[in-house]
Amino acid sequence: MFRRVPRAWPGLEREGFMSLAHLMQQRRARIAAWKALGCDPYAYRFEVTHHAADLHARGEAVTTELGERVRIAGRVMTVRGHGKAGFAHLVDATGRIQAYFKSDVMGEQFRRYELVDVGDWIGVEGPIFRTRTGEITVRADQVELLAKSIRPLPEKWHGLTDPETRFRQRYADLFVNLDVRETFRRRSRLTSGIRAFLDARGYLEVETPVLQPLYGGAFARPFVTRHNALDVELYLRISNELYLKRLIVGGLDRVYEFSRNFRNEGMDRSHNPEFTLLEYYQAFADVNDMMELTEALVCEALQAACGTLQVPYQGRTLDFSRPWKRVSMLDAVSEKVGESVHDLDPVRLARHAARFDLHPRAGTGAGGMLDELFSTLVQPELQDAAFVVDFPIETSPLARVHRGNPAVVERFELFAAGMELANAFSEQNDPDAQRAAFEAQGAARERGDDEAQALDEDYLRALEYGMPPTGGVGIGIDRLAMLATDSRTIRDVVLFPQLRPEEGRPVADDLEDVEDEAPPA
RNA sequence: GACCCGUUAGCUCAGUCGGUAGAGCACCUGACUUUUAAUCAGGGAGUCGCUGGUUCGAUCCCAGCACGGGUCACCA
């Protein structure tokens, strides 16, 4: 890690004072050597004919005889010199490929090979062949330096393991730990699979505001920012839900958005302050339609990403094969506490909560206590994909009351690996009922619940024009990506997870400044 | 926010019962024309996270701070 040091430390000019600066100075010195050979250490382009994977795919067709000429480019990860010959491994976007450099073949060009440092980007041209030990290799007769690397790479065997450095310097993580690339490729296959699924069903991908004058659609604290010209406070969105439903009012009857949301809360294994939520809304559909659709969507996405619905995750196998289990929250909690809680009696729920050593905040209603009991007793056991239904009204202000049971709403959540993956409702489209639900939230806010949802007059105005019956779903894409890539934490599937900023500037930069100003020896 | 653990060379780590530190890889020099963690010989590289305290002397003991990791809390 970078260390903070005083900017002007006496003795800096002493030769070899600091190892990193010393190592970088050695590498910088090679820039001049390349120029002396007439080479630009930072090239403009290189014609690539093949990737590493293309050459490996040829298998037995490659023999110890020299074959087709190819041009490959990549970062040098290892160099093994043998006097008048040498080997190097290049890594490109598709993997590793070995290059062989031989003095009597390369002539003057061999001098270039001798200047190559680990970490440099180079381009190589020559015929492919198979070495004595069986590795497919390019026998270089031409070498070009594409970009000089002046910073030493992490160690080749243990690699880069410190999580802080891996996240801060994801660029290094990506070229040292090649499995990290596969994680993000798989995440990309997941999202492109979802897009293909929704596009094929007539859904329109849309983009709605990240900067919102009023945040809503979820229970969370927001990040606050300010627009200078308008002189107004704005919030980074905690959800895009209310905007997508405005579009349903507008007649766009199937819409979806991959929404980057921001919630000003603690961070842990499954929470990053910014995260990606896929939301999709379909007019004329209810929660049951959306359950079917979600089952199909997730299965298709996982197939695209993993090629299986038996998903290995942290030493166990999660079963996503259809149909998924459906669990009533009321039934499941009743079973765990040993008596029926279907009447949502607050006194009885409080007694059970106390029995399991749960201490809901003062003012928590029956729905909140049911939710706590569920989270503690039932949720950890939901490893294979399972839908949970029958949610209390109190915790669902944007959902419609259940047609068959006025105590609960038409809603489901999807769980797997003990994590909440998705949340869906038959959306509330009665403007008066929605206003009443907002007002109940306002009362909760009065009581000190700073996550209660604000009344959104513009959203109510939209509902007053009339919103068709609508089913809506939100899926936590980061969490789904965790499952699809067997990642333990959300940070493993977010390219640049949130960290405290590094204070000051990296040590090496400070030292370079001094060296640059020093007179040449 | 609470508690526990960590921070030593570019990387991965050892170590000092308090006397200013080592290994492997990487780097430099030399040898080596099919190696692949190449090998062999030699060499250089460190305010031991920061600040303060105790001490003749602190990388080591103590306190505070910073950053990171973990557990919990918060988080429908």
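Here is how names work: the chains are called A, B, and so on, in the same order as the sequence lines, proteins then strands, and each is numbered from 1. Bear in mind the structure is a predicted one, so any value in this text is a computation, not a measurement.
The side chain of A/Gln98 lies closest to B/U35 when the candidates are B/G68, B/U35, B/G44. Checking B/U35, B/C75, B/G24 against the side-chain heavy atoms of A/Thr137 singles out B/U35 as nearest. Comparing atom distances between the A/Asp162 side chain and each of B/G70, B/U12, B/A38 picks out B/U12 as nearest. Taking the side chain of A/Ala85 as heavy atoms from C-beta on, and the options B/C28, B/G68, B/U33, the nearest nucleotide is B/U33. Closest approach to the A/Thr131 side chain among B/U34, B/C74, B/C25 is made by B/U34 (side chain taken as heavy atoms from C-beta onward). Considering only the side chain of A/Val118, B/C27 comes nearest among B/G70, B/C27, B/U35. Here the side chain of A/Asp117 is nearest to one of B/G10, B/C28, B/A38, namely B/C28. Between B/C74, B/A37, B/C11, one nucleotide has an atom nearer to the side chain of A/Pro154 than all others, and that is B/C11. Nearest nucleotide to the A/Tyr100 side chain, out of B/C25, B/C67, B/U33: B/U33. For A/Arg132, the listed nucleotide lying nearest its side chain is B/U35; candidates were B/U35, B/A37, B/U12.
The side chain of A/Lys156 contributes an N or O atom lying less than 4.0 Å from OP1 or OP2 of B/A26. The shortest distance between the side-chain N/O atoms of A/Thr161 and the OP1/OP2 oxygens of B/U12 is below 4.0 Å. Regarding contacts with the backbone of B/G68, a side-chain N or O of A/Arg168 is found under 4.0 angstrom from either OP1 or OP2. For B/A38, one of the phosphate oxygens OP1 or OP2 lies less than 4.0 angstrom from a side-chain nitrogen or oxygen of A/Arg80. Residue A/Arg151 has no polar side-chain atom (N or O) positioned under 4.0 Å from OP1 or OP2 of B/G10. At least one side-chain nitrogen or oxygen of A/Arg500 sits closer than 4.0 Å to the OP1 or OP2 atom of B/G68.
At a threshold of 4.0 angstrom between heavy atoms, the contacts of A/Glu135 include nucleobase atoms, whether or not backbone atoms are also involved. Heavy atoms of A/Phe425 sit under 4.0 angstrom from at least one base atom. Within 4.0 Å of A/Arg488, counting heavy atoms only, lie sugar-phosphate atoms of the nucleic acid but no base atom. As judged by a 4.0 angstrom heavy-atom cut-off over every strand, A/Glu420 is placed among the base-contacting residues. Within the nucleic acid shown, A/Arg30 comes within 4.0 Å of sugar-phosphate atoms alone, with no base atom in reach, counting heavy atoms only.
Atom CG in A/Asn177 sits roughly 12 Å away from atom C1' in B/U12 (whole-Å rounding). Remark: C1' of B/A26 and CG of A/Leu160 are 14 Å apart, rounded to the nearest angstrom. The distance from atom CE of A/Met77 to atom P of B/A26 is 13 Å, rounded to the nearest whole Å. We find that OH of A/Tyr113 is positioned 10 Å from C1' of B/U33, with the value rounded to whole Å.
Across the C1' atoms, B/A9 and B/C25 are found 12 Å apart, a figure rounded to whole Å. Rounded to a whole angstrom, the distance from the C1' atom of B/G15 to that of B/U7 is 15 Å. When the P atom is compared between B/U12 and B/G52, the two are found 29 Å apart, to the nearest whole Å. B/U29 and B/A45 have their C1' atoms separated by 15 Å, with the value rounded to a whole Å. With both ends at atom C1', the span from B/A66 to B/C27 equals 31 Å, rounded to whole Å. Atom P of B/G70 sits at a distance of 43 Å from the matching atom of B/U35, rounded to the whole Å. Separating the C1' atom of B/C67 from that of B/C28 is a span of 33 Å, rounded to the nearest Å. Between B/G6 and B/C48, the two C1' atoms lie 14 Å apart (nearest whole Å).
For A/Phe415 and A/Phe374, the ring centers are positioned less than 6.0 Å apart.
A donor-acceptor contact under 3.5 Å is formed by the side chain of A/His271 with the base of B/C75. If you check distances only, the side chain of A/Asp268 does reach the base of B/C74 with a donor-acceptor pair under 3.5 Å.
Figure legend. B/U7 is base-paired to B/A66; pairs are counted as Watson-Crick or G-U wobble with both atom distances under 3.5 Å.
The nearest heavy atom of RNA chain B to A/Phe87 and to A/Gly81 marks one nucleotide each, and the one closer to the 5' end goes with A/Phe87. Projected onto RNA chain B by closest heavy-atom contact, A/Glu372 and A/Phe129 fall at different nucleotides, the more 5' of which corresponds to A/Phe129.
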Legend entry - Working for side-chain hydrogen bond (donor to acceptor under 3.5 Å, both in side chains), residues A/Arg269 and A/Thr489: CA-CA 5 Å; A/Arg269 216 164 63 75; A/Thr489 80; over 6 Å; no
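For the residue pair A/His271 / A/Asp268, a side-chain donor-acceptor distance below 3.5 Å is found, with atom types taken as modelled.
At most 12 heavy atoms of other shown residues, nucleotides or ligands fall within 6.0 angstrom of atom CD in A/Glu335.
The cationic atom of A/Arg411 (NZ for Lys, CZ for Arg) lies less than 6.0 Å from the six-membered ring centre of A/Phe391 and within 45° of the ring axis. Remark: A/Arg139 is not positioned above the aromatic ring of A/Tyr100, lacking an NZ or CZ atom under 6.0 angstrom from the ring centre and at most 45 degrees off the axis.
Between the side chain of A/Arg130 and the backbone N or O of A/Val62, at least one donor-acceptor pair lies under 3.5 Å.
Closest non-hydrogen pair, A/Lys102 versus A/Phe110, comes out as C-CD1, 3.9 Å.
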